[in-house]
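Convention: sequence-line order gives letters A, B, ...; per-chain numbering from 1. Since the model is a prediction, treat every value here as computed from it, not as a measurement.
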Amino acid sequence: MSSVLPWEPEGEIAESKKGPGLSRDWPAARPNRTIRAFCSIDDGALPAVVIPDKEVRKPDEANRVFQDIVLNNISPCRATFNTMINGLCKNGYTDNALMLFRNLQRHGFSPELITYNILINGLCKSGRWRAARMILKELGESGHVPNAITYTTVMKCCFRYRKFEEGLDIFLDMKTKGYTFDAFAYCTVIGALVKTERIEEAYQCSQQMVGNGIELDLVSYNTLINLYCKDGKLEDVFKLLDEIEREGLECDKYTHTILIDGLCRAGNIERAQQHLSYMNDMDFDSKLVAFNCLIDRLCKCGYIDHAMKLFESMELKDSFTYASLVHNLCKARRFRQASKLLISSLNGRMKILKSAQKAVINGLRASGFTRDAKKLQSEIRWAKILR
DNA sequence: CTAGGGTTAG
């Protein structure tokens, strides 16, 4: 098997990137203009994609503190840089994270493996596949040896961008090179196998995980429960739930959602609904995915009106909610209703799948609603401009 | 709390 990793040692490590004096850690003395320029970046220069959260996510404030550190000529340790880069990534400021990374490099900061891992993960999660690849390549040229975290991160990136075979190759590569597997790596792979409906392989993988004596945490249990659910083995699911209880672990929103989806898929909508109301003491945000599962399943079982009622009762909706309904309304040839929903989702600034847009427009046209089709198209165009 | 894993639409 040929190697799939772009960081494989290929001859010598590139010399071109190592200028004189660049091996020392930054900052040596006083930060120069470039660093100041970055640090004096004002709020207007930051992208307006702050992810709201109940946690204390305040990247602007972090940036101010960081400015203070640099401008007052306090030498921050490397962990501070990594923390900053990580914080920027986690809050949607990937571009700024990359800029900071470059600026620091320019000042002789030689990134650690952890810095690369942070950036690759951040870039990947924000949809910057090419940039992620670039950093990965640089990691390969840096002489650092990637660790299990790097591998898991890159695998996850591959799966995220539907490069399943590439991801699985990395998994095999990890084995060949003798990396120790932990629950992170196994769960990443099992999750991808389940998603691609390779249930047999997913079972093999989970047997390996259990056989290797890895202690299962809640995420591992959730992964396994999801596997059994997708395979329709609900009795095994309940066994696992008992086991979770015996271990003294507590189910979280993932567990409940996976279970609700499983019940739905098994055709037990009533029980799914019961379980959803059992989640009543959780906030709506935690129940959203479960609601979406139920809506989709209701539609697929032919209860579209019931699904619409549920939809109207929801205090929070996302693009999944809309996509499910729009697609299923199209399948039922209720194109005008689908169109109405699509427009309201555009007004709510939802991202709508191209496939859903097409389905509605084509459906309207095919059933003679040419004007409605045109109107919808112009709405979509406007939404794109206004976004 | 310096890095990686688990849920839904097509």
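For I118(A), counting side-chain heavy atoms from C-beta on, the closest listed nucleotide (dT2(B), dT7(B), dT8(B)) is dT2(B). When distances run from any side-chain atom of T152(A) to the nucleotides dA9(B), dG5(B), dA3(B), the shortest one goes to dG5(B). Set against dT7(B), dG5(B), dA9(B), the side chain of D296(A) has dA9(B) as its closest nucleotide.
Annotation for Q377(A): atom CD counts as buried by contact number, over 12 foreign heavy atoms lying within 6.0 Å.
T257(A) comes within contact range of at least one nucleobase, with a heavy-atom separation under 4.0 Å. As judged by a 4.0 angstrom heavy-atom cut-off over every strand, K358(A) is placed among residues making no nucleic acid contact. Here K287(A) lies out of heavy-atom contact (under 4.0 Å) with every strand. Contact annotation for I258(A): backbone-only contact, meaning every heavy-atom pair under 4.0 Å involves sugar-phosphate atoms and none involves a base. Nucleic acid contact class of R162(A) (heavy atoms, under 4.0 Å, all strands): base. Across all strands shown, D252(A) has heavy atoms under 4.0 Å from base atoms, whether or not it also approaches the sugar-phosphate. Heavy atoms of A356(A) sit nowhere under 4.0 angstrom from any nucleic acid atom. When heavy atoms are screened at a 4.0 angstrom cut-off, S220(A) is found touching base atoms of the nucleic acid.
In this structure, the CG atom of L139(A) is 14 Å from the C1' atom of dG4(B), given to the nearest Å. For the pair F311(A) CZ and dA9(B) C1', the computed distance is 13 Å after rounding to whole Å. Taking atom CG on L88(A) and atom P on dA3(B), their separation rounds to 14 Å, with Å as the unit. Note: CG (D285(A)) to P (dT8(B)) measures 17 Å, nearest angstrom. In this structure, NZ of K90(A) is placed 9 Å from C1' of dG4(B), rounded to the nearest angstrom. The CG atom of L224(A) sits 12 Å away from the C1' atom of dG5(B) (whole-angstrom rounding). Rounded to whole Å, atom P of dA9(B) lies 10 Å from atom CD of E197(A). Atom C1' of nucleotide dA3(B) and atom CG of L123(A) are separated by 13 Å, given to the nearest angstrom.
Remark: the D182(A) side chain and the dG4(B) base include a donor-acceptor N/O pair separated by less than 3.5 Å. No donor-acceptor contact under 3.5 Å links the side chain of N82(A) to the base of dA3(B). Judged by distance alone, with hydrogens and angles left aside, D217(A) brings a side-chain donor or acceptor within reach of the base of dG5(B), the pair sitting under 3.5 Å. No donor-acceptor contact under 3.5 Å links the side chain of S355(A) to the base of dG10(B).
Between K230(A) and dT8(B), a side-chain N or O to OP1/OP2 separation shorter than 4.0 Å is present. At dG10(B), one or more side-chain N or O atoms of K300(A) fall inside 4.0 Å of OP1 or OP2 (strictly under the cut-off). Look at K125(A) and you'll find a side-chain N or O under 4.0 angstrom from OP1 or OP2 of dG5(B). In this structure, N121(A) reaches the dG4(B) phosphate: one of its side-chain N or O atoms is under 4.0 Å from OP1 or OP2. In this model, the phosphate group of dT2(B) is not approached by any side-chain N or O of N86(A) to a distance below 4.0 Å at OP1 or OP2.
Residues T255(A) and L241(A) are in side-chain contact: their nearest non-hydrogen atoms beyond the backbone lie under 4.5 Å apart. A heavy-atom distance below 4.5 Å is found between the side chains of C251(A) and I244(A). The side-chain heavy atoms of L234(A) and V237(A), taken from C-beta on, include a pair separated by under 4.5 Å. Counting only heavy atoms from C-beta outward, the side chains of S220(A) and I214(A) never approach each other to under 4.5 Å. In this structure, the side chains of R265(A) and D261(A) come closer than 4.5 Å at one or more pairs of heavy atoms.
Across T150(A), N86(A), T152(A), a single residue satisfies side-chain hydrogen bond (donor to acceptor under 3.5 Å, both in side chains) together with N117(A), and that is T150(A).
In this pair, F184(A) lays its aromatic ring flat on the base of dG4(B), centres within 5.5 Å and planes under 30 degrees apart. Residue-nucleotide stacking is not present for Y254(A) and dT7(B), judged by a side-chain ring centre under 5.5 Å from the six-membered base ring centre and planes under 30° apart.
Of the P atoms belonging to dG5(B) and dC1(B), the separation is 15 Å, rounded to the nearest Å.
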